[in-house]
Amino acid sequence: MRPLEQLNDLSSHQKSPIINRKFPMHPYRTRTCGELRATDISRSARLAGWVYRKRDHGQLLFIDLRDHYGLTQVVIQPDREFFNLSKRLHLESVITVTGAVVARSPETVNPNLATGEIELVAEAIQVLSPCGSLPFPVDAMEDGPEDLRLRYRYLDLRRERLHGNIVQRARVIAFIRERMLSLGFQEFQTPILTSSSPEGARDYLVPSRVHPGKFYALPQAPQQFKQLLMVAGFDRYFQIAPCFRDEDARADRSPGEFYQLDLEMAFATQDDVFVVVEDVLASVFRTFSRKPFNAPPFPRIPYAEAMLKYGTDKPDLRIPIEMRDLTALFKESGFNAFRSVIEQGGIVRAIPVGKIAAQPRSFFDKLTDYAKGLGAKGLAYLVWTDAGVKGPIVKFLTPAQLEAIAMQCEVHASDVVFFVCDRPREVNRITADLRVKLAQDLKLIDEGIFRFCWVTDFPMFERDEETGQIIFSHNPFSMPQGGMQALEEQDPLAIRAYQYDIICNGVELSSGAIRNHDPEIMYRAFALAGYDQQAVDERFGGLINAFRLGAPPHGGIAPGIDRILMLLANEANIREVIAFPMNQKAQDLMMGAPAGVTEKQLRELHLKLALPPKPEDRRLTTDTRRQPGE
RNA sequence: GGGGGAGUAGCGCAAUUGGCUAGAGCAUCGGCUUGUCACGCCGAAGGUUGCGGGUUCGAGCCCCGUCUCUCCCGCCA
């Protein structure tokens, strides 16, 4: 939630621009609605804006006139010929008002308004654009239904919160550009129409008219281009880059397209990248948020440690819960339910939670149900009470084992330790969720702070659960730690990459890596993942060739702009920081995208449709799109 | 592709176990109101309870199907 003073302070958006005030008077406005102060009293002024609110006192009418810059109260006296017309003005009509800036009497000054010391007494009013009936109120604090908001996005964007978020976005991006330039980076543009990259997310494809049967792809990220710019010797690249991925949406993942602060550095180590990102993020968060955050350098957590302590590679460090592995202890215990799972490769993860021994039985029962809902077989726990250790599994453990658990989990009086036992992958998924759920239910998360961290040393490879094959676990272009020697001598699953994520409050802001710029190491890495040299050349020939012609070691990262803005604006949904977002099903309800095309267009592109045998989807046809005033 | 939640007037919401002629607020329209600032007062209009089917003497409520929005899983190098 934003503080109350911001909700009413429309003047915070921007300083008023300079408007030509010379004779003859500007036809629309001489000043903005956020500008007039006591020092302007007895001047004349012309304002233009939207009718935000009206207060009709019969023989006196107040209009709150709103523009991008603020709100000014306009007074309309009953003897003016436009008095009755003004009374009938619909909210959100656009008008120009000319009049005198007048001091408010002391008792009528509005201290909540930047322009609250004055008001404009109207001498002339011109209606520039009348407003029909609104699909939802513009002055309401509550949001309307999301599909209506998206359909009438331009109305929603007039509303204080969203308007402020988009202004904030513009400011943050401008700030980032300045900061990057001052750090010696240069901004580049890279192609939007490019080729499909076979790894990664689904591509958005654009058919070629000139080359029948061939397609461009929109870039999922300018990954190869920025690396090629390094090969070209530009040294430090950045771009506020649009990225296109045809994957399903989440609350923090915009479908279709999103923006990254994409950056890449030549002759850079992992530490060099971290220093830059820490500088940029810290300066952005210091400038655009009042919340405190941990100062750089941000803690670095190896991937393996993050999975163990938090069950996830994007830990929310605001949560004061760190998990422990107790597999060895339970392997020797009399608790057969766990022991048999361990013998089949399972592990035991303990979740110690402080000072909750007094929670009622229902708390534990509900949590157990929740865990089962996640796919857990159950939820074991031990409670350290004044009268000793209690809990459903206490009878399976010896006093020495209980003591060992207390030691390893650093248990104090009234603490509780939960246990989950399953295959490693399941344990991570379930305990990561439980840790967050516990923190939410017990209100352990401090909403007033940001906690940044790096997660480093990601594994280079992993085993595909279905096929059993070795696959790249993240970016195939990352440099394996230990280089060629590691690839040749180590167990592939033990090789780590110079691959890192930056996390804030459990939100993954970005992935990055030091790149593999050596063709021989690249071929070797791909070979381990089952691609022969020919396959690599076919897919990444351009990049590999470049690396044969003098490539500097380089690395980079690409923090998500939209997610940074979500954190700064304290918004739970990414659509609230994007001017024209698509809905969850990747539709633009305002413009009606995606849309059908004509037969002629298809013919020119050498395309024929082979539609699935489903009833026609009528959601986006024009006849269901309502227009204002209906 | 799968799971959860929601859908009642233009908007945000209410309607005890299935008993209802579906309500009040904001907006709209009409009237009153000279100092409000979410102005106030009086009145009016506004509904196929998303849609279709079923159970029942009776359905906003229960059941089945379907549509829309949303959250999550899968997916996101």
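Letters A, B, ... are given to chains in the order of the sequence lines, protein chains preceding strands, and every chain is numbered from 1. Fair warning: this is a prediction, and the values are worked out from it, not measured in the lab.
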Quiz prompt | Spacing of A:Asn112 atom CG relative to B:A38 atom P, expressed in whole Å | solution = 7 Å
Quiz item: A:Lys366: what forms a salt bridge (charged side-chain N to carboxylate O under 4.0 Å, His left out) with it, not counting sequence neighbours?
Solution: none
Exercise. Using a strict 4.0 Å threshold on nitrogen-to-oxygen distance, state whether A:Lys314 and A:Asp501 make a salt bridge.
Key: no
Practice problem: Could you tell me which residues satisfy ring pair (Phe, Tyr, Trp, His ring centres under 6.0 Å) with A:Tyr204, sequence neighbours excluded, listed by chain and number? | Solution: none
Quiz item: Got a salt bridge between A:Lys437 and A:Asp433, using NZ or NE/NH1/NH2 to carboxylate O under 4.0 Å?
Solution: no
Quiz item: So what does A:Asp139 hit on the nucleic acid, given a heavy-atom distance under 4.0 Å: a base, only sugar-phosphate, or nothing?
Solution: nothing
Self-check item: Contacts of type ring pair (Phe, Tyr, Trp, His ring centres under 6.0 Å), residue A:His90, not counting sequence neighbours
Solution: none
Self-check item: Lys/Arg N to Asp/Glu carboxylate O, A:Arg429 vs A:Asp422, below 4.0 Å
Solution: no
Practice problem: State whether A:Glu247 and A:Arg202 are salt-bridged, where the test is any N-O pair (Lys NZ or Arg NE/NH1/NH2 against Asp/Glu carboxylate O) under 4.0 Å. | Solution: yes
Practice problem: Would you tell me whether A:Tyr523 and A:Asp537 have side-chain atoms, one donor and one acceptor, within less than 3.5 Å of each other? | Solution: yes
Practice problem: Please determine if a side-chain N or O atom of A:Gln584 lies less than 4.0 Å away from the OP1 or OP2 oxygen of B:U68. | Solution: no
Quiz item: Base, sugar-phosphate alone, or nothing: which one does A:Asp248 contact when heavy atoms must sit under 4.0 Å apart?
Solution: base
Quiz item: For A:Phe458, which residues count as a ring pair (Phe, Tyr, Trp, His ring centres under 6.0 Å) partner, sequence neighbours excluded?
Solution: A:Tyr303, A:His474
Quiz item: Hey, where does RNA chain B pair up into stems, meaning at least three consecutive Watson-Crick or G-U pairs with distances under 3.5 Å?
Solution: B:1-7 with B:67-73, B:28-32 with B:40-44, B:50-54 with B:62-66
Report, one pair per line, the protein and nucleotides 32-35 of chain B atoms (nitrogen or oxygen only) whose separation is under 3.5 Å.
from, atom 1, to, atom 2, distance (Å)
B:U33, O2, A:Asp56, O, 3.4
B:U33, N3, A:Asp56, O, 3.1
B:U33, N3, A:Gly58, N, 3.0
B:U33, O4, A:Asp56, OD1, 3.0
B:U33, O4, A:Asp56, OD2, 3.2
B:U33, O4, A:Gly58, N, 3.3
B:U34, OP2, A:His57, O, 3.3
B:U34, OP2, A:Gln59, N, 3.2
B:G35, N1, A:Glu119, OE2, 2.8
B:G35, N2, A:Glu119, OE1, 2.5
B:G35, N2, A:Glu119, OE2, 3.0

Exercise. Assign A:Ala221 to base, sugar-phosphate, or nothing according to its heavy-atom contacts below 4.0 angstrom with the strands shown.
Key: base
Quiz prompt | Partners meeting side-chain contact (heavy atoms from CB on, under 4.5 Å) with A:Asp64 (sequence neighbours left out) | solution = A:Tyr52, A:Arg53, A:Arg55, A:Leu71, A:Gln73
Quiz prompt | Interface residues of residues 507-517 of chain A with RNA chain B (non-hydrogen, below 4.0 angstrom) | solution = none
Practice problem: Could you work out the separation of B:G50 and B:A6 based on their C1' atoms and round it to a whole Å? | Solution: 11 Å
Enumerate all atom pairs, one protein N or O and one N or O from nucleotides 41-49 of chain B, separated by less than 3.5 Å.
none

Quiz item: Just to confirm, is there a sub-4.0 Å distance from OP1 or OP2 of B:C71 to any side-chain nitrogen or oxygen of A:Asn573?
Solution: yes
Practice problem: Tell me, please, which residues at least two apart from A:Glu81 pass side-chain contact (heavy atoms from CB on, under 4.5 Å). | Solution: none
Self-check item: Pairing residues for A:Arg435 by the salt bridge (charged side-chain N to carboxylate O under 4.0 Å, His left out) criterion, not counting sequence neighbours
Solution: none
Quiz prompt | Under the side-chain hydrogen bond (donor to acceptor under 3.5 Å, both in side chains) test, residues paired with A:Ser105 that sit two or more places apart | solution = A:Glu107, A:Thr108
Quiz item: Within the structure, does a side-chain N or O atom of A:Arg575 lie under 4.0 Å from either OP1 or OP2 of B:C71?
Solution: yes
